[in-house]
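What follows is a short report on a single structure.
For reference, positions follow the sequence shown, starting with 1.
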Amino acid sequence: MQIKDYASLAEFRRLPRGGFGKGPFAILIAEDRVELASTLSHLMQLGFRHVFIAAPTGLDISPETEGHAPNTVSIIRAQTRRSDAAASLVNALIPLVPNEWIHYCYNAEYFFYPFCEDRTVGEMAAFIAEERRDCALTYVIDLYAQDLNIAPNAVNLDHAMLDSAGYFADARRDETGRAKDRQHDFFGGLRWRFEEHVPKERRRIDRIGFFRAKEGLQMFEDHRLSDEEMNTFACQWHHSITATICSFRVAKALRSNAGSRYDIGDFRWHRSKRFQWSSQQLMDLGLMEPGQWF
């Protein structure tokens with residue numbers, strides 16, 4: 001059997017509700033082929049039951065899907081470089097997988113949660129559900145190559161760096177200017193250090209990167225969800241588990257865009273650290289927390 005390849009997002013939307021069975025599910029948005037195979041492999045190792053790879057028609061991704069069963073990987077042909085690509089894909093999947101958990105990411109992005117080396121993503125979903133929450137806030141932590149002369153596109157898994165400091169939050173406010181309950185806009189990483197090259201509306205590093213689908217739920221282009229409680233960083237009675245998406249995406253973009261490529265000779269600064277590909281390192285740096293999960 002061949003891995004299912006849906007010719008368009010419209011075709012994918014017409015699929016029957018509940019036809020994919022039990023999750024958790026992941027959407028991998030392929031903007032190009034950079035580290036697409038490693039991102040897919042990482043998602044499968046975490047325990048996602050099915051990964052939907054969204055890719056433009058002209059992007060051949062068959063080598064990346066080799067070795068995966070057709071009941072674990074599907075391809076959706078879609079425009080992935082549009083600003084609303086993630087929202088369109090997530091909103092297409094939500095009604096098809098009622099009450100199931102969803103994660104979405106781009107290629108060269110890697111989902112980490114507390115103790116992910118020993119616990120599956122399904123176990124984390126069960127814990128969050130026991131906490132009477134339907135989501136986990138994720139922070140997008142920028143990764144970048146240690147040496148841009150060796151990795152001119154800023155992507156190098158063997159010598160990846162991250163910022164160990166420089167993260168901060170502002171209260172998120174409603175249309176009247178009042179601070180929203182348990183909601184913040186988070187900033188930091190390359191989007192903060194090189195903000196002159198990043199549009200203001202794209203500087204936030206927070207996403208609701210893991211959540212449970214429910215009827216009527218929608219994701220907006222700015223990565224918020226239509227249910228305000230699902231945009232909160234914690235429940236009302238104690239700290240909740242948070243996660244990270246460790247991402248080369250911003251570094252890759254800054255090195256590929258003509259307006260920034262020649263202005264940036266090195267992404268390192270005095271608070272750069274070697275990324276150990278470890279959930280413990282991310283917790284030690286305060287970039288995510290287990291909440292009550294021990």
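- Salt bridge Asp170/Arg204: absent, no basic N to carboxylate O contact under 4.0 Å.
- In this structure, His184 has its ring center under 6.0 Å from that of Phe233.
- Gln292 and His239 share no side-chain donor-acceptor pair at under 3.5 Å.
- Within 6.0 Å of NZ in Lys22 there are 12 or fewer heavy atoms belonging to other residues, nucleotides or ligands.
- Below 30°, between 30° and 60°, or above 60°: for Trp277 and Phe248 the angle between ring planes is between 30° and 60°, a tilted geometry.
- Expressed to the nearest 0.5 Å, how far CG of Leu36 lies from CG of Asn107 amounts to 5.5 Å.
- Nearest heavy-atom pair across Leu254 and Ser260 is O-OG, 2.6 Å.
- For the residue pair Glu109/Ser247, the side-chain donor-acceptor check at 3.5 Å is satisfied.
- Here the two rings, on Trp101 and Phe211, have centers that are 6.0 Å apart or farther.
- The hydrophobic cluster containing Met161 does not contain Phe275, counting ILVMFWY residues as joined when their side-chain heavy atoms lie under 4.5 angstrom apart, directly or transitively.
- In terms of heavy atoms, Glu64 sits closest to Leu40 at O-CD2, 3.3 Å.
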- Going through the distances and angles, do Gln146 and Asn156 end up as a side-chain contact (heavy atoms from CB on, under 4.5 Å)? CA-CA 8 Å; Gln146 182 177 6; Asn156 188 325; over 6 Å; no
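- In this structure, the side chains of Pro56 and Arg77 stay at 4.5 Å or more apart for every pair of heavy atoms.
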- Checking side-chain hydrogen bond (donor to acceptor under 3.5 Å, both in side chains) for the pair Glu11/Ser8: CA distance, chi angles, key distance, verdict? CA-CA 5 Å; Glu11 178 185 347; Ser8 67; 4.8 Å; no
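- Ring geometry for Phe267 versus Tyr144: interplanar angle of 30 to 60°, hence tilted.
- To the nearest 0.5 Å, atoms CZ (Arg33) and CG (Leu59) are separated by 6.5 Å.
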- Message: Using the rule given for salt bridge (charged side-chain N to carboxylate O under 4.0 Å, His left out), can you reason through Arg172 versus Asp206, listing the C-alpha separation, both sets of side-chain angles and the distance that settles it, and then say yes or no?
- Response: CA-CA 12 Å; Arg172 181 175 295 165; Asp206 52 279; 2.9 Å; yes
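- Grouping the Ile, Leu, Val, Met, Phe, Trp and Tyr side chains by contacts below 4.5 angstrom, directly or via other members, places Tyr113 with Met44.
- Residues Phe210 and His103 keep their aromatic ring centres 6.0 Å or farther apart.
- The residues Asp147 and Arg268 are annotated as not salt-bridged, no charged nitrogen and carboxylate oxygen being separated by less than 4.0 angstrom.
- Leu217 and Phe20 fall within the same hydrophobic cluster, defined by Ile, Leu, Val, Met, Phe, Trp and Tyr side-chain heavy atoms under 4.5 Å apart, directly or through other members.
- To the nearest 0.5 angstrom, His197 atom NE2 is 11.0 Å from Arg203 atom CZ.
- Remark: Cys105 SG to Leu28 CG distance equals 4.5 Å, nearest 0.5 Å.
- Here the closest non-hydrogen pair linking Thr244 and Phe111 is O-CD1, 3.4 Å.
- Between Trp192 and Ile205 there is no side-chain heavy-atom pair separated by less than 4.5 Å.
- Between Ser164 and Lys273 the shortest heavy-atom distance is CB-CD, 3.7 Å.
- In summary, the side chains of Ser38 and Tyr110 do present a donor paired with an acceptor at a separation below 3.5 Å, with no hydrogens or angles considered.
- Using the six-membered ring where Trp is involved, Phe25 and Phe52 have ring planes that are tilted, between 30° and 60° apart.
- Ring geometry for Phe187 against Phe168 counts as parallel: the plane angle stays under 30°, on a 0 to 90° scale with 60° as the upper cut.
- A donor-acceptor contact closer than 3.5 angstrom links the side chains of Glu228 and Gln183.
- Ile75 has its side chain out of reach of Lys4: every pair of non-hydrogen atoms, C-beta onward, lies at least 4.5 Å apart.
- In plain terms, the two heavy atoms of Leu282 and Phe112 that are nearest each other are CD1-CB, 3.6 Å.
- For Arg212 and Glu100, the salt-bridge test fails: no basic side-chain N is under 4.0 Å from an acidic carboxylate O.
- Grouping the Ile, Leu, Val, Met, Phe, Trp and Tyr side chains by contacts below 4.5 angstrom, directly or via other members, places Ile245 apart from Leu190.
- With no hydrogens or angles considered, no side-chain donor-acceptor pair links Ser240 and Glu131 at under 3.5 Å.
- Heavy atoms of other residues, nucleotides or ligands lying less than 6.0 angstrom from CD of Glu215 number 12 at most.
- Note: the hydrophobic cluster containing Val155 does not contain Phe194 (ILVMFWY, side chain heavy atoms under 4.5 Å, direct or indirect links).
- For the salt bridge (charged side-chain N to carboxylate O under 4.0 Å, His left out) test with Asp163, the passing option among Arg193, Arg191, Arg271 is Arg193; the others fail.
- The pair Lys214-Asp227 counts as a salt bridge, with a side-chain nitrogen and a carboxylate oxygen less than 4.0 angstrom apart.
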- Message: Quick one, Arg274 with His159, criterion side-chain hydrogen bond (donor to acceptor under 3.5 Å, both in side chains). Give me CA distance, side-chain angles, the key distance, then yes/no.
- Response: CA-CA 7 Å; Arg274 184 77 169 267; His159 300 280; 3.0 Å; yes
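- Here the closest non-hydrogen pair linking Ile27 and Leu89 is CD1-O, 3.7 Å.
- In summary, the side chains of Ser41 and Gln45 do present a donor paired with an acceptor at a separation below 3.5 Å, with no hydrogens or angles considered.
- Between the side chains of Thr232 and Arg133, at least one donor-acceptor pair of N or O atoms lies under 3.5 Å.
- Atom CG in Asp284 sits 9.0 Å away from atom OG in Ser279 (nearest 0.5 Å).
- The existence of a salt bridge linking Glu229 and Arg182 is confirmed by a sub-4.0 Å separation between a basic side-chain nitrogen and an acidic carboxylate oxygen.
- How far OG1 of Thr138 is from CZ of Arg207: 6.5 Å, rounded to the nearest 0.5 Å.
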